[in-house]
Every structure is written in C-alpha cells, then in structure tokens.
Amino acid sequence: MPAAEERASSISEFLRSRLNAGMWQDISVVEETGSTNNDLREAALAGTLPCAIRMALRQTAGRGSRGRSWQAPAGGLWISFLLPAPADA
C-alpha cells in the first residue's frame, strides 16, 4: 500500500474510533479528490448519505469565494461535513 493511501486509511480509522458512530453514516479519507465539497454534494443529491465526513490529503479542484478555484497540495488535510437540513428549513 502506498504511503499516502496508508496514511488516509490510518486517519479514517482514527476518526471512526473517536467520533459518534451513530451519527456519521460515512467517514471517508481519500488520497486525492477534485473537491471534498463536490464529493458530498453529489452524494447528497443522490440521497445516499444523510451525515458524512469526506477528507482528502490533496484537492485538485477546490472552490473558494466568488468562484475562485484553488488547489491544495499534498501535506494538508482537507475536510467537508454533510449534515441534514433542519426540519423547518
């Protein structure tokens, strides 16, 4: 297993052991993704994940304010959370 993939797996296992497992349906850490926000947005639109955490060691197509794009180099940890909307929203 490559070092980055092993690191992603280790981080994922660590978080699963410490977070409320009943709340989070999916906790995933990947070596690289375009955007953790886009990954979770697609899952939400498909209706597959009510509560999820998506992390990446590197992002290649992040989006900032005012539509600015950016890349996140290896060495960081980029994270997004997906939570259900309040019932009155």
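In this text the structure is predicted, and so the values were computed from the model without any measurement.
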_My understanding is that only residues two or more places apart in sequence, or in another chain, count here; which of them pass side-chain hydrogen bond (donor to acceptor under 3.5 Å, both in side chains) with D26?_
none
*Quick one: side-chain hydrogen bond (donor to acceptor under 3.5 Å, both in side chains) partners of S80, sequence neighbours excluded?*
T36, N37
_Residue pairs, two or more places apart or on separate chains, that pass salt bridge (Lys or Arg N to Asp or Glu O under 4.0 Å) and touch residues 33-50_ = D39-R54
*Closest contact, heavy atoms only, S35 versus A61*: CB-O, 3.6 Å
*asked:* Once salt bridge (Lys or Arg N to Asp or Glu O under 4.0 Å) is applied, do any residues pair with E32, and if so which ones, sequence neighbours excluded?
replied: R58
*OG1 on T33 to CH2 on W78, rounded to 0.5 Å*: 13.5 Å
*Path from L57 to I53 over hydrophobic side-chain contacts below 4.5 Å*: yes
_So M55 and V30, do their side chains get closer than 4.5 Å, heavy atoms only?_
no
